[in-house]
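Take a look at the structure below.
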Amino acid sequence: MPPMKTDPNPRMPYQYAMPKEALPPARSSTPNPCRLSLAGGLVPGYSAPKGGITQLTKSLAIAYAAEKIRVNAIAPGWIATPPTTALRENPERDTAIVGRTRLSRWGEAAEVAGGVLYLSSPLASVVTGSVLVIDGGYLIM
């Protein structure tokens with residue numbers, strides 16, 4: 001698969017950095033790139049690129065499977081990070097988000113990191129082309 005030279009979607013330029021140039025020359029270990037993709041969204045201009053990331057992950061998993069390279073994605077939900085501070089401090093928005101999240105709380109960055117650790121570990125050696133949703137049950141509502 002030739003490396004992508006252009007970015008068809010300026011909202012996701014960092015998502016295209018993985019192809020061939022990013023892979024180590026030695027194949028003794030299995031690289032496992034994880035792409036981040038927010039689960040859900042009702043804004044077409046925001047949601048469409050996220051769907052593109054999901055499909056790109058699947059396409060790259062197919063393309064690199066013969067080389068024993070796994071490609072997966074993480075789809076985090078509402079995570080308590082500095083960029084979400086304003087939402088968490090707004091009682092109306094916080095109540096709406098937490099109320100729709102089945103575990104009734106914001107996720108923590110360490111919980112997303114746990115998913116990345118899993119996908120990067122030998123425990124996930126047969127997992128490729130998957131999107132691991134870490135959202136406290138937000139999408140099931």
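Worth saying up front: this structure is predicted, and the values here are computed from it rather than measured.
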Tell me whether L123 shares a hydrophobic cluster with I74, the cluster being built from Ile, Leu, Val, Met, Phe, Trp, Tyr side chains joined at under 4.5 Å. yes
Mind checking side-chain hydrogen bond (donor to acceptor under 3.5 Å, both in side chains) for T95 and listing every partner two or more places apart, or none if nothing turns up? none
For Q55, I'd like to know if atom CD has over 12 heavy atoms of other residues, nucleotides or ligands within 6.0 Å. yes
Minimum side-chain heavy-atom gap S120-L117 below 4.5 Å: no
Can a donor-acceptor pair be found, under 3.5 Å and without considering hydrogens, that links the side chain of T84 to the backbone of I79? yes
The side-chain contact (heavy atoms from CB on, under 4.5 Å) partners of L87 (sequence neighbours excluded) come to W78, R93, I97, W106
For S125 and P122, indicate whether the former's side chain and the latter's backbone hold a donor-acceptor pair under 3.5 Å. yes
Only counting residues at least two apart or in another chain, list the ones meeting salt bridge (Lys or Arg N to Asp or Glu O under 4.0 Å) with E111. R105
Y138 and L103: CA distance, side-chain angles, deciding distance, side-chain contact (heavy atoms from CB on, under 4.5 Å) verdict: CA-CA 8 Å; Y138 187 85; L103 293 181; over 6 Å; no
Can a donor-acceptor pair be found, under 3.5 Å and without considering hydrogens, that links the side chain of D135 to the backbone of A75? no
So, the side chain of R88 versus the backbone of T81: is there a donor-acceptor pair under 3.5 Å, distance only? yes
Donor-acceptor pair, side chain of R70 and main chain of G129, under 3.5 angstrom: no
